[in-house]
There are 2 protein chains.
Amino acid sequence: MKKEKLTKNQQTVLSLLEQSKEPLKAYTILSGTQKKGIKAPTQVYRALDKLIEIGKVHKIESKNSYVACNISNCNAMTSTSFLICEKCEKVTELEKDNLKSFFGTLSKSVNFEYSDHNLEIFGCCNACR
Amino acid sequence: MKKEKLTKNQQTVLSLLEQSKEPLKAYTILSGTQKKGIKAPTQVYRALDKLIEIGKVHKIESKNSYVACNISNCNAMTSTSFLICEKCEKVTELEKDNLKSFFGTLSKSVNFEYSDHNLEIFGCCNACR
DNA sequence: AGTAACACTGTTATAATATAACAATTTTTA
DNA sequence: TAAAAATTGTTATATTATAACAGTGTTACT
């Protein structure tokens, strides 16, 4: 059941995302992969779902966009933290402990059982200043 | 230019949100306000835009949903932190300032100029345990 | 190797979320 | 009171995402 190898469509989508400097929207991915044989939104979303599930791609919720994860062996499938530059749209993923322990402690202090989080920090990146 | 009083549609939408225990989706708001004279999505979105702008409503990005803010004089228009219970869907907003300075410092440490954030913590609330 | 289970594919259609554009009216400001 | 700004109602459309279905390929196990 554990499958290491990506299928053709999954590779196509991931590869496009990896080449991109910014997050891409699903329909942009569709446009960008049509010559590779992807023809319908469903195919893109299916590939994305899988890639997200295995942690290779994350979704930027506030932008309905998707980014390839460049953290080796990222296990942050469902808990991600991003810095998003509002000038150039570049997105950087926070590594560390991913703030998981911080949010865990914070949650506990207000009597809430933490399981995951989504953090998006907006501002201006170093290169744009 | 500072307007304290909400217009009819804005009041209608806000009032529905305030009565709700969970975040509502735009089209649910539309359904819920049709007898009050709201007839088209545009009217809902316009009211929401305004309410968000003045801080009375926040958007839960990961759910495409909207919540009334119950923090008096909330100034977190664009920087919000939520605890979201995955069982009952209840949403609790963390009081403003606390995390802004934390994220500011965190950002600075990686050479990023913080301006706003969106934090969504998922888990299980006290009542559901 | 055979086969059952499962995952992925391609395809068409449609659902759900959100904005554009325009003419009219009301409210605010100066 | 006139100009500017905000809000309204309306129709149409854009954008984002899923459903449903039949077929094909892969995996895992005897």
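Every chain is numbered from 1, with letters handed out A, B, ... down the list of sequences. Nothing here was measured: the structure is a model prediction, and the numbers come from that model.
Across the interface with DNA chain D, nearest-nucleotide mapping of B/Ala47 and A/Asp49 shows B/Ala47 to be the residue nearer the 5′ end.
Going from atom CG of B/Leu48 over to atom NE2 of B/His58 covers 12.5 Å, rounded to the nearest 0.5 Å. In this structure, A/Glu93 CD and A/Ile60 CD1 are separated by 8.0 Å, a value rounded to the nearest 0.5 Å. With values rounded to the nearest 0.5 angstrom, B/Leu94 atom CG is found 12.5 Å from B/Ser79 atom OG.
Note: CG (B/Leu48) to P (C/dA18) measures 9 Å, nearest angstrom. Distance, B/Lys63 NZ to C/dA16 C1': 16 Å, rounded to whole Å. Protein atom OH of A/Tyr45 is 17 Å distant from nucleotide atom C1' of C/dT11, rounded to whole Å. Remark: C1' of D/dA28 and NZ of A/Lys5 are 17 Å apart, rounded to the nearest angstrom. In this structure, B/Gln10 atom CD and D/dA6 atom P are separated by 12 Å, rounded to whole Å. What separates CG of A/Leu6 from P of D/dT27 is a distance of 12 Å, to the nearest Å. Rounded to whole Å, the distance from NZ on B/Lys36 to P on D/dG9 is 14 Å. With rounding to whole Å, B/Ile60 atom CD1 is found 13 Å from C/dA18 atom P.
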Test log, rule side-chain contact (heavy atoms from CB on, under 4.5 Å), inputs B/Ile121 and A/Phe112: CA-CA 10 Å; B/Ile121 294 179; A/Phe112 186 90; 4.0 Å; yes

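Criterion: ILVMFWY side-chain heavy atoms under 4.5 Å apart, direct or through other members. Under it, A/Leu6 and A/Tyr66 are part of a common hydrophobic cluster. Both B/Ile29 and B/Leu14 belong to a single network of hydrophobic side chains, linked directly or stepwise wherever heavy atoms of I, L, V, M, F, W or Y lie under 4.5 Å apart. Tracing side-chain contacts under 4.5 Å through hydrophobic residues (I, L, V, M, F, W, Y), one reaches B/Phe122 starting from B/Val91; they form part of the same cluster. Under the 4.5 Å side-chain heavy-atom criterion for Ile, Leu, Val, Met, Phe, Trp and Tyr, A/Phe82 and A/Ile71 are members of distinct hydrophobic clusters.
Evaluation of the side chain to side chain donor-acceptor pair (under 3.5 Å) test over residues 17-43 of chain A, restricted to residues two or more places apart or in two chains, returns A/Ser15-A/Gln19.
In this structure, A/Glu120 contributes its side chain and A/Glu61 its backbone to a donor-acceptor pair below 3.5 Å.
Residue-level contact check: A/Lys59 touches the backbone only, with heavy atoms under 4.0 Å from sugar-phosphate atoms and none from bases.
Proximity note for A/Thr7 (side chain, C-beta onward) versus D/dT8, D/dA17, C/dC8: the nearest is C/dC8. Listed nucleotides: D/dT16, D/dT7, C/dT17. Nearest to the side chain of A/Asn64: D/dT16.
For A/Lys50 and C/dA7, the shortest distance from a side-chain N or O to OP1 or OP2 is not below 4.0 Å. Residue A/Gln43 places no side-chain N or O under 4.0 Å from the OP1 or OP2 atom of C/dT11. Contact annotation: A/Lys8 side-chain N/O to C/dT9 OP1/OP2 distance is not under 4.0 Å. The phosphate of D/dT8 (OP1 or OP2) has a side-chain N or O of B/Asn9 nearer than 4.0 angstrom. For B/Tyr66 and C/dA18, the shortest distance from a side-chain N or O to OP1 or OP2 is below 4.0 Å.
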Polar-atom pairs under 3.5 Å, protein N or O versus N or O of nucleotides 20-26 of chain C: list them with distances, or write none.
unit_1: C/dA20; atom_1: N6; unit_2: B/Thr42; atom_2: OG1; d: 2.8

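Near DNA chain D, meaning a heavy atom under 4.0 Å from it, residues 15-32 of chain B has no residue at all.
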